[in-house]
Student: 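Before anything else, here's the structure in question.
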2 protein chains.
Amino acid sequence: MSVEFAPLLLEPAYRKVAATIGERILSRALREGERLPSEIELARQFGVNRSTVREALRELESRGLVQRRPGSKLMSVSRPHHATVAAGVSHALLLHDVTVRNVWEALTILEPPLAETAARTRSAADLECIRAAADAFSAQRARAAQAVHSCAEFFRCIGRATHNPVLGLAQEPLLQLLEPSLGVMIDKVPQARARIATAQRRLVEALEAREPELAHQWMARHIRDFRRGYELAGIDLGLRVTSA
Amino acid sequence: MSVEFAPLLLEPAYRKVAATIGERILSRALREGERLPSEIELARQFGVNRSTVREALRELESRGLVQRRPGSKLMSVSRPHHATVAAGVSHALLLHDVTVRNVWEALTILEPPLAETAARTRSAADLECIRAAADAFSAQRARAAQAVHSCAEFFRCIGRATHNPVLGLAQEPLLQLLEPSLGVMIDKVPQARARIATAQRRLVEALEAREPELAHQWMARHIRDFRRGYELAGIDLGLRVTSA
DNA sequence: ATTGCCGGTTTGTCCGACAATCATACGATC
DNA sequence: GATCGTATGATTGTCGGACAAACCGGCAAT
């Protein structure tokens, strides 16, 4: 028996409401910062109940398309924050059994060209931001958690320095997934901190001198070091990445 | 006046419920496919109203963590689908004023190493899938929309052939953002189809012969061609990408 | 084996309600 | 005049209850 009729899907009202408002936002008919009508008003306009509107708002909220500004009750249109979107990607990858090796491989591919690009496009302010992150890392002698955070921040600053949001957002999930295992690695491998600090220093120099190829090389070495660190720490690269 | 007290945030119940269930899923205490209790039962367990539970479910639903299997009423735990997650990233990038150049630059960085990796890791089935996509593209003589779809599918197959979900998911938003402008380009530049078909053929050959460097080169050329196509079509690379 | 029917369960949607919070305006106090 | 307290209205978060539609399992009828 062949399937003659496609299963007709009747979407529930709350999804239609969410889709309608979502399209308005994506098409920029509703602009960033603009405040949404109250729930009662939305319910009146769509001809549905307030509960239905609320369910739709929860969906838009979780997509980051609307937000409540602190100290305000009305929802306002917002652009999804990078960290939020990246968290969604991280969670998806987590559940898809991504391994430490997978993440490391992606970093290998992504980061060196990213540093290379940053060496061309970075502004003075970018450089300052990157240098600050590197200094913060070197200053952290104690807690691994802080060190890991500074280390990730270093990457983030380089990502921003490319002035390409696509690249910045592409690396964010990797950093989120890397943090837990990186913390373990730094704790177990004494010399890791020094090696990371050195690579960061060289990278700052390369970025300052605007030498793309040098930046590429040092970033590649930086990432390769991570793998060595994992091996020295006895972390199996085939293990699944753990939740942040 | 200094800010002495951080603004204490009291989360509404619906978000706590969503967070609690979400953590269970991410920690794999709730496994994929497992069915959630009914809304009434959840309301009873959390000690809240059913409406509150429903708002929480809408959030989890939009994150792709729960799903209703077709023909079933109860929600079941699910892993976020790649396309869904990528759509979130695409929307975020759209609203962050990403330009065609930004996307193209990211492709330049990402795709050649991806093809290179695929040349090493592809299975026979992967190759067949890639070849099928290439054939589909060559067969499409008429509608640009179909051609664009085949073209994107070609990339997706290569992404899958790396057997690294991180890479596959990283490129998906780029493909989604590329599609609209790519359609315009193919329509306006007559020779584009032939050039794309050639690059795809060479790539298939390189992947079949397991020659990573050749695959890298042809993919780089393939992507460079896109830029040429855009210029020939008179598409300003500084324009924002448009919604799919 | 297919069809039709029945009762129990679950969802989608609605209605109405209330406390807590926020915005604003209006006085009161210093 | 500036600050504070308060009254008022709007809005959200949460609740309880309600009902139609759809699904599920079983059972009877054809």
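Chain naming here is simple, since letters A, B, ... match the order of the sequence lines and numbering starts at 1 in each.
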Student: Rounded to whole Å, please give me the gap between CD in Glu41(B) and C1' in dT11(C).
Tutor: 15 Å

Student: Verify the contact: side-chain N or O of Thr52(B) to OP1 or OP2 of dC15(D), cut-off strictly under 4.0 Å; return yes or no.
Tutor: yes

Student: Taking 4.0 Å as the cut-off, does a side-chain nitrogen or oxygen of Asn49(A) come that near to OP1 or OP2 on dT13(C)?
Tutor: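 Looking at the OP1 and OP2 atoms of dT13(C), neither is under 4.0 Å from any side-chain N or O of Asn49(A).
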
Student: Quick check on dT11(C): is either OP1 or OP2 less than 4.0 Å from any side-chain nitrogen or oxygen of Arg68(B)?
Tutor: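 No, Arg68(B) has no side-chain N/O under 4.0 Å of OP1/OP2 on dT11(C).
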
Student: When you match Leu57(B) and Val48(A) each to their closest nucleotide on DNA chain C, which lands nearer the 5' end?
Tutor: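 It is Leu57(B) whose nearest nucleotide is closer to the 5' end.
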
Student: Could you state the CZ-P distance from Arg50(B) to dT10(C), rounded to the nearest angstrom?
Tutor: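 Computing the Arg50(B):CZ to dT10(C):P distance gives 11 Å.
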
Student: Take atom OH of Tyr14(A) and atom C1' of dT11(C), then tell me their distance rounded to the nearest Å.
Tutor: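 These atoms are roughly 9 Å apart.
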
Student: Without decimals, in angstroms, what is the distance between Glu39(B) CD and dG16(D) C1'?
Tutor: 15 Å

Student: CZ of Arg44(A) versus P of dC14(C): gap in Å, rounded?
Tutor: 15 Å

Student: Whole angstrom is fine here: how far is it from CZ in Arg54(A) over to C1' in dT11(D)?
Tutor: 10 Å

Student: Of the candidate nucleotides dG12(C), dC14(C), dT11(C), which contains the atom at the shortest distance from the side chain of Ile40(B)?
Tutor: dT11(C)

Student: Let's go through Glu61(B) and Arg15(A) carefully: what are the C-alpha distance in whole Å and the side-chain angles of both, what is the deciding distance for salt bridge (Lys or Arg N to Asp or Glu O under 4.0 Å) to 0.1 Å, and is it a yes or a no?
Tutor: CA-CA 11 Å; Glu61(B) 191 177 42; Arg15(A) 216 173 291 168; 3.0 Å; yes

Student: Verify whether one side chain among Ser62(B) and Ser62(A) offers a donor that lies under 3.5 Å from an acceptor in the other.
Tutor: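 Checked: Ser62(B)/Ser62(A) side chains pair up, N/O donor to acceptor below 3.5 Å.
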
Student: Taking only the side-chain heavy atoms of Pro12(A) (C-beta and beyond), determine which of dT14(D), dG13(D), dG12(C) contains the nearest atom.
Tutor: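 Of the options given, the side chain of Pro12(A) lies nearest dG12(C).
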
Student: With Thr99(A) as reference, evaluate Asp97(A), Asn102(A), Val103(A) under the side chain to side chain contact (heavy atoms under 4.5 Å, CB included) test and give the passing residue.
Tutor: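 Of the listed residues Asp97(A), Asn102(A), Val103(A), the side chain to side chain contact (heavy atoms under 4.5 Å, CB included) partner of Thr99(A) is Asn102(A).
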
Student: As a test of reading the structure: which of dT11(D), dT14(D), dG12(C) is closest to the side chain of Ser38(A), going by heavy atoms?
Tutor: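 Of all the options, the side chain of Ser38(A) is nearest to dT11(D).
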
Student: In terms of side-chain heavy atoms of Arg58(B), which of dT12(D), dC14(C), dG12(C) is nearest?
Tutor: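 Per side-chain heavy atoms of Arg58(B), the pick is dG12(C).
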
Student: Within this structure, what is the CG-to-C1' distance between Leu42(A) and dA10(D), rounded to whole angstrom?
Tutor: 15 Å

Student: Specify the separation, in whole Å, of atom CD of Glu55(B) and atom C1' of dT14(D).
Tutor: 9 Å

Student: Are a donor atom and an acceptor atom from the side chains of Gln176(A) and Ser90(A) found within less than 3.5 Å of each other?
Tutor: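 Their side chains do contain a donor-acceptor pair, which is all the 3.5 Å distance test asks for.
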
Student: Have Ser51(B) and Asn49(B) got a donor and an acceptor in their side chains that come within less than 3.5 Å?
Tutor: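 Judged by distance alone, the side chains do pair up.
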
